[in-house]
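What follows is a single structure, written as structure tokens, with notes after it.
Predicted model only: the values in this text are computed from it and were never measured. Atom set for the values below is all heavy atoms of this structure, side chains included, hydrogens, waters and symmetry mates excluded.
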Amino acid sequence: MRSDSDTLSSVPFPRRGLLHLGVLLAAVAVAVSFPSMAPSPYEITVGIAILNYAALSTSWNFVGGFTGYISLGHGAFAGLGAYGTGLLVVKAELPPFVALFVAGALVAVLAVPVGYAALRVRGASFVIVSIALVLVLLLVFQSWASFTGGSRGLVVPRPFPGMLRAEHHRTFYFLFLALLATALLVWWAIDRSRFGMGLKAIREDEDKAQSLGTPTYTYKLVVFVVSAAFTALAGGLYALWFGDLDPVFQFSILSGSYMVLMALLGGVRHLYGPLLGAVAVGYALEYAKVEYGDTPLHLVVAGLLLGVVVTFMPDGVIPAAGALLGRFRDSGGTSIREVTAAELRGRREQSDGTEVRDGERSGRSA
């Protein structure tokens, strides 16, 4: 008998490692060469939007994937990163990319008291607190018009004023790609660290992890701050690229919902889950916006995708595909769930009979 884990582990490790490396190198090659293959600057802007979604979703996955806490309010950190970067450029006249990293650091500092308060609750209460954070910031940035621009928005100067628009998009494509690669690398490092083991213990059973000596609250707070920092960097980079900020868009609950949907679609417990989800959901959203204009059809598309994921692939596409491949790899081995009690009893009796006969033979030979 072989369990599902035995089936998956039956593939030789070197072969699996080479397969993963080949897929990774192919994906990197496609991502790097995409701007040169794109027929027009518009396709590059779609690629930037998808990379932005992927960076945001991967940033969200530091909390959702490791601890299991579902935050619908991560759009608040993206909005703070965007407005922080824009205001530092416009008001403080900092260089654009200096403003980007300063804003990311400030949001990380702000995330400490926010996480200190929000992480004291769990489940639905945590979701409500995260949504409240977005709504409060939306009201603040809409009302404080003298500083933030209010409903008129905030225009952020382009960091490369002498660049043509096509080259501007191409440059930011690679900047977003670098940010995504950094976030994935940090997620990968945490996943294989002792710190990551503690976070996953919190996800599986927080009370038991705490009783075994894991500093659960500290671990949650640290990863929450890391997640907020990467989310803010993605928001700030968007501000430098797009150049026009609106509080209704920047502090939207939909932004956090998209992050959750993308991570769930790909698989929150997998490194590339949010990336895969961002490619699928991001392309679907951009296609719906282009084809159907200002209609809310893109929201219908997002809702349908969420319903499909929850109904048919609750763990995400990558785990579902892995389980399907595991079934095809199984060459006759029977899962423990498919063995009846009578069959188990028969196998045990047969094994006991074999042992008795072997004992009699050894006694005769002696």
Side-chain angles (χ1 to χ4, degrees), residues 24 27 49-78 81 104 107-108 111 114-115 118-119 122 126-127 130 134 176-193 195-204 206 219-235 237-238 253-282 285 302 305-306 309-310 313-322:
L24 177 60
I50 291 175
L51 287 177
N52 182 41
Y53 285 135
L56 289 171
S57 186
T58 300
S59 302
W60 177 90
N61 205 38
F62 280 97
V63 173
F66 281 127
T67 68
Y69 278 62
I70 303 299
S71 169
L72 293 179
H74 258 56
F77 298 124
V107 172
V114 172
L119 293 171
R122 307 181 192 175
F126 179 79
V127 176
S130 65
V134 180
F176 273 105
L177 186 62
L179 177 61
L180 174 61
T182 304
L184 289 172
L185 182 61
V186 174
W187 200 98
W188 178 86
I190 292 177
D191 186 45
R192 282 152 179 78
S193 67
F195 175 56
M197 292 178 61
L199 291 173
K200 285 180 276 190
I202 294 172
R203 180 186 66 202
E204 300 303 326
E206 185 172 346
Y219 277 24
K220 290 188 299 182
L221 184 59
V222 170
V223 81
F224 185 82
V225 171
V226 172
S227 176
F230 274 108
T231 306
L233 288 174
L237 198 58
Y238 176 87
I253 297 176
L254 285 176
S255 299
S257 302
Y258 289 155
M259 297 181 207
V260 177
L261 172 59
M262 293 169 191
L264 289 177
L265 178 62
V268 294
R269 301 186 181 188
H270 197 281
L271 173 64
Y272 302 113
L275 173 57
L276 178 63
V279 172
V281 178
L285 291 176
L305 284 172
L306 181 59
V309 170
V310 172
M313 295 176 291
D315 294 327
V317 171
I318 294 179

Next on the checklist: Any donor-acceptor pair under 3.5 Å linking the side-chain atoms of E206 with those of Y69?
Outcome noted: yes

Checklist outcome for this item: d(R122 CZ, I202 CD1) to nearest 0.5 Å is 9.5 Å

Item to check | Heavy-atom pair with the smallest gap, counting every atom of A108 and A229 | outcome: CB-CB, 4.0 Å

Checklist outcome for this item: For T58, the side chain to side chain contact (heavy atoms under 4.5 Å, CB included) test, sequence neighbours excluded, returns L180, A183, L184, P274

Checklist entry - Does some side-chain heavy atom of Y238 sit less than 4.5 Å from a side-chain heavy atom of F176? => result yes

Checklist outcome for this item: Rounding to 0.5 Å, atoms CE (M262) and CG (N61) come to a distance of 13.0 Å

Next on the checklist: Ignoring hydrogens, what is the shortest heavy-atom contact between N52 and A234? Give both atom names and the distance.
Outcome noted: OD1-O, 3.7 Å

Item to check | Minimum heavy-atom distance between S130 and S71, given as atom pair plus value | outcome: CB-OG, 3.6 Å

Checklist entry - When rounded to the nearest 0.5 angstrom, what is the spacing between CG in L179 and CG in L56? => result 8.5 Å

Item to check | Exercise: identify the closest heavy-atom pair between K220 and L119 | outcome: NZ-O, 3.2 Å

Next on the checklist: Students often mix this up, so state it plainly: with edges at 30° and 60°, are the rings of F126 and F224 parallel, tilted or perpendicular?
Outcome noted: perpendicular

Next on the checklist: Using every non-hydrogen atom in the two residues, find where G73 and V134 come nearest and quote the distance to one decimal.
Outcome noted: CA-CG2, 3.3 Å

Item to check | Contacts of Y258 that satisfy side-chain hydrogen bond (donor to acceptor under 3.5 Å, both in side chains) - sequence neighbours left out | outcome: none

Item to check | Check: S227 main-chain N/O paired with T231 side-chain donor or acceptor under 3.5 Å | outcome: yes

Checklist entry - Just how far is it from atom NZ of K200 to atom OG1 of T67, taken to the nearest 0.5 Å? => result 13.0 Å

Next on the checklist: Please verify the inter-ring angle class for F66 with W187; under 30° counts as parallel, over 60° as perpendicular, anything in between as tilted.
Outcome noted: parallel

Checklist entry - What distance separates L271 CG from L276 CG, expressed to the nearest 0.5 Å? => result 12.0 Å

Checklist entry - To the nearest 0.5 Å, what is the distance between CD1 (I70) and CH2 (W60)? => result 4.0 Å

Item to check | R203: partners by salt bridge (charged side-chain N to carboxylate O under 4.0 Å, His left out), with sequence neighbours left out | outcome: none

Item to check | Minimum heavy-atom distance between I50 and V279, given as atom pair plus value | outcome: CG2-CA, 3.8 Å

Checklist entry - Taking side chain as C-beta onward, heavy atoms only, is I190 less than 4.5 Å from F62? => result yes

